[in-house]
Amino acid sequence: MKRIAVALATLLTLTAPPAFATVRIVTSLQDFASIADALGGKRVETFALAKGYQDPHFVEAKPSFILKLSRADLLIVAGLELELGYLPPLIDQSRNEKIRPGGPGYLDASAGCDILEQPTGVVTRAMGDVHPFGNPHYWLDPENGRVIARSIAARLTKLDPAGSAEYAANLAAFETKLTEGQKRWEAALGPYAGTEVVTYHNSWPNFLRRFKLVAAGYVEPKPGVPPSPGHTIELIDMMRAKKIPVILMEPYFDRKTSTQIAEKTGAALLVFIPSVGGVPDAKDYVGLFDYDVKLLVDALASKKGGPR
Ligand SMILES: [Zn+2]
């Protein structure tokens, strides 16, 4: 009997979860890393190439990225060519066949998501347009975050079947937290439904649509093209005529033009955070929305003297 107990104890030790992470994940965005951490817990180890305060279109490739990619079991990307400017050569140099497009360790998070501004005709790539296949900032709709979480959980289960129960439980917990958050954010922004805003880059169509707000214009004449004097004058005229209350600006752009526009129109300039880690308070995917929604609600409330 004692011998059986010892054998059983040995067997349990052998089948217990390993002390180190089973699945090594590299993501292009901190948002995907945050969701993967929530789903995988100690079974996964994540590393994000772009930090939340960096422009996700233009990430500076570092040699350390190649090492991370060479050891990765899973690479999660936004797709829609968001990473076109830096990632393909890094994948080549990593010599990791698993994480190539189409490989078992490559996950395009846009699959199944609601992608806005998809081109209907031939993609011409009009000069400077960095959104040729639709808007790649789709993770800024919590419902797309839910789709992304389900995709990641499904892939983790495939790569690490022993963790399937854990992934399923963590996915359920994540979705509950997200649903609660959505109720909170919709309630906070509900009184401002229909409000028109201006954003610097076209990063927010999914966010604005989810919360019933409208983009009246952009500081960039086209996604990826810096502001021009002519465009800025037209924008100021439009903002004055429509009494636009706020400009939402991503943290990685020069503030000069936006500050001038804000001064000339009386709009509030808000540094809006497009990704987890953009500010320390936006420490996970739900926290990102908590941060942005509060910033916007506070600004709109002070502009309008409270909800209408
Ligand atoms: Zn963009």
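Whatever order the structure lists ligands and atoms in, that order sets their numbers, starting from 1. In what follows, every heavy atom counts, from backbone to side chain, and hydrogens, waters and symmetry copies are set aside. Bear in mind that the values here come from a model prediction, so they are computed numbers and not experimental data. All residue numbers in this chain count up from 1 along the given sequence.
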Task: Atoms named by residue and atom, protein N, O or S, within reach of the Zn ion (ligand 1) (under 2.8 Å) - done: His57 NE2, His131 NE2, His137 NE2, His201 NE2
Open item on the list: With a sphere of 6.0 Å drawn around NZ of Lys98, does it hold more than 12 non-hydrogen atoms of other residues, nucleotides or ligands?
Closed with: yes
Task: Between CD1 on residue Ile233 and NZ on residue Lys264, distance to nearest 0.5 Å - done: 8.5 Å
Task: Charged N-O contact under 4.0 Å between Asp290 and Lys294 - done: no
Task: Salt bridge Glu180-Lys177, side-chain N to carboxylate O under 4.0 Å - done: no
Open item on the list: I'd like to know whether the aromatic ring centres of Tyr252 and Phe58 sit less than 6.0 Å apart in this structure.
Closed with: no
TODO: Please determine, by modelled atom types, if Gln182 and Glu143 share a side-chain donor-acceptor pair under 3.5 angstrom.
DONE: yes
